[in-house]
Protein chains: 2
Amino acid sequence: MKRAAGAEHEILRSAGLRVTPQRVAILKLLRGTRAHPSPEMVYRELKPAYPGLSLNTVYQTLHALEKAGVLRRISMEENVYRFDANVAPHVHLVCRGCGRVDDCNGDLEPLLEHLGREVAARCAWDIRAQDSCFYGYCPGCRSEGKPPKPREEV
Amino acid sequence: MKRAAGAEHEILRSAGLRVTPQRVAILKLLRGTRAHPSPEMVYRELKPAYPGLSLNTVYQTLHALEKAGVLRRISMEENVYRFDANVAPHVHLVCRGCGRVDDCNGDLEPLLEHLGREVAARCAWDIRAQDSCFYGYCPGCRSEGKPPKPREEV
DNA sequence: ACTTGACATCGTAGCAGTTCCTATGTAGTA
DNA sequence: TACTACATAGGAACTGCTACGATGTCAAGT
């Protein structure tokens, strides 16, 4: 349980956080998926390997990592937190059929940065983060009649 | 309580919804504010004028109006629904200090539509809606030391 | 105007996601 | 190895939202 990869170790240390098996596991999971998991999904995924894991710990770890800037919390149409280890500005695609959240491929960063500059120029706010979400139906749900939302996997 | 303005009346009718005092009041409030109220805020605002109003009714009315395309539900970093009577694509500014949600002035619609086209061209999704949020500190919170979030008014 | 059926409203109860509380455990330093 | 501050676990509490059933009301058709 102690021999985790080094990258997560480094990240935690440089964020001023203690290195614990739980934190390494959570961070590793987030960095290894594109599914933007919710706390619940993280918990369900890691519970088999860490039977003693508490959902509470997942929440606290996610908050700590978010505060340290390692993760981003993103908001979907549903009132459930989701987390993303990709901190750079990018577009999220949210399926109203199955609930999955994808990143949009292709280099949209220049466009998003342009949008950010335009917004900053038009208001007197101190902007710290941006998030662009597109809602619709993924290829899978598109072919069917877009059914109500089941539970997706990490 | 029955002599409300005609615009809301029209909107409700053409959406196929019954016209009731509660619905007119809720829609009128939403259309007359830029604060993107949450259900709770709508309730607190209307309760004095409509003492019998139920929070449940607020929820149901907001859902009905959203389903009819009259309102948009937007997602902030907090897990609270917020509603916007402006259905056209525009940018939201969310203050991490006081929690207020503003629209960004200035004509950003072309840019957003451009972004939408780029996204649609890069993925096989059936896009139905888009939302761009910018997080930071409003002019008021910026001048102070960005305090923790109190409750804002409608 | 009056009746009537379908839809709205209200209050309560229930649920799911998140946070609070606190005793116990453990990482990291000396 | 011993110590101390920080993490964890478990459960209880909180909050925003939804489901349910009884009552009330809008509006179409007499």
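A quick note: this is a predicted structure, and the numbers were derived from the prediction, not measured. Every chain is numbered from 1, with letters handed out A, B, ... down the list of sequences.
- For B:Y81, counting side-chain heavy atoms from C-beta on, the closest listed nucleotide (D:dA7, C:dC10, D:dT18) is D:dT18.
- Counting any heavy atom pair closer than 4.0 Å across all strands shown, B:L55 reaches no nucleic acid atom.
- Not one side-chain nitrogen or oxygen of B:Y59 sits closer than 4.0 Å to the OP1 or OP2 atom of D:dT18.
- Taking atom CD of residue B:E66 and atom C1' of nucleotide D:dC17, one finds them 13 Å apart after rounding to whole Å.
- Under 3.5 Å, the side chain of B:R23 and the base of C:dA8 form no donor-acceptor pair of N or O atoms.
- Proximity note for B:T57 (side chain, C-beta onward) versus C:dC10, C:dG17, D:dC17: the nearest is C:dC10.
- Distance from the side chain of A:N56 is smallest to C:dC20 among D:dC17, C:dC20, C:dT9.
- At whole-Å resolution of the value, OH in B:Y50 and C1' in C:dC10 are 16 Å apart.
- Between the OH atom of B:Y43 and the C1' atom of D:dG16 there is a distance of 14 Å, rounded to whole Å.
- Contact check, A:T61 against D:dT8: a side-chain N or O comes under 4.0 Å of OP1 or OP2.
- The salt bridge (charged side-chain N to carboxylate O under 4.0 Å, His left out) test applied to A:R13 returns no partner, not counting sequence neighbours.
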From CA spacing to verdict: side chain to side chain donor-acceptor pair (under 3.5 Å), B:H36, B:D102: CA-CA 8 Å; B:H36 309 79; B:D102 274 6; 5.7 Å; no
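- The cationic group of A:R142 does not satisfy the cation-pi geometry with A:Y137, failing either the under 6.0 Å distance to the six-membered ring centre or the 45° limit from the ring axis.
- Not one side-chain nitrogen or oxygen of B:H63 sits closer than 4.0 Å to the OP1 or OP2 atom of D:dC17.
- Summarising the geometry, the separation between CG on A:L17 and C1' on C:dG28 is reported as 14 Å, rounded to the nearest angstrom.
- Remark: P of D:dA7 and CG of A:L27 are 14 Å apart, rounded to the nearest angstrom.
- Counting only heavy atoms from C-beta outward, the side chains of A:L55 and A:K47 never approach each other to under 4.5 Å.
- B:R72 has a carboxylate O that lies under 4.0 Å from a charged side-chain N of B:D131, or vice versa, which qualifies the two as a salt bridge.
- The side chain of B:N79 contributes no N or O atom lying less than 4.0 Å from OP1 or OP2 of D:dT15.
- Taking only distance into account, the side chain of B:R18 never meets the base of D:dA27 through a donor-acceptor pair shorter than 3.5 Å.
- Between A:E40 atom CD and C:dC15 atom P the separation is 16 Å, expressed in whole Å.
- Figure legend: B:R73 and B:Y81 shown as a cation-pi pair, the cationic atom lying under 6.0 angstrom from the six-membered ring centre and within 45 degrees of its axis.
- Judged by closest nucleotide on DNA chain D, B:P39 is the one of B:T20 and B:P39 placed further toward the 5' end.
- For the pair A:Q60 and A:V19, both in contact range of DNA chain C, the more 5′-proximal nearest nucleotide belongs to A:Q60.
- Atom CG of A:L53 is separated from atom P of C:dG25 by 17 Å (rounded to the nearest Å).
- Separating the NZ atom of B:K67 from the C1' atom of C:dA8 is a distance of 15 Å, rounded to the nearest angstrom.
- Listed pair A:S38 / C:dG17 fails the phosphate criterion, with no side-chain N or O lying under 4.0 Å from OP1 or OP2.
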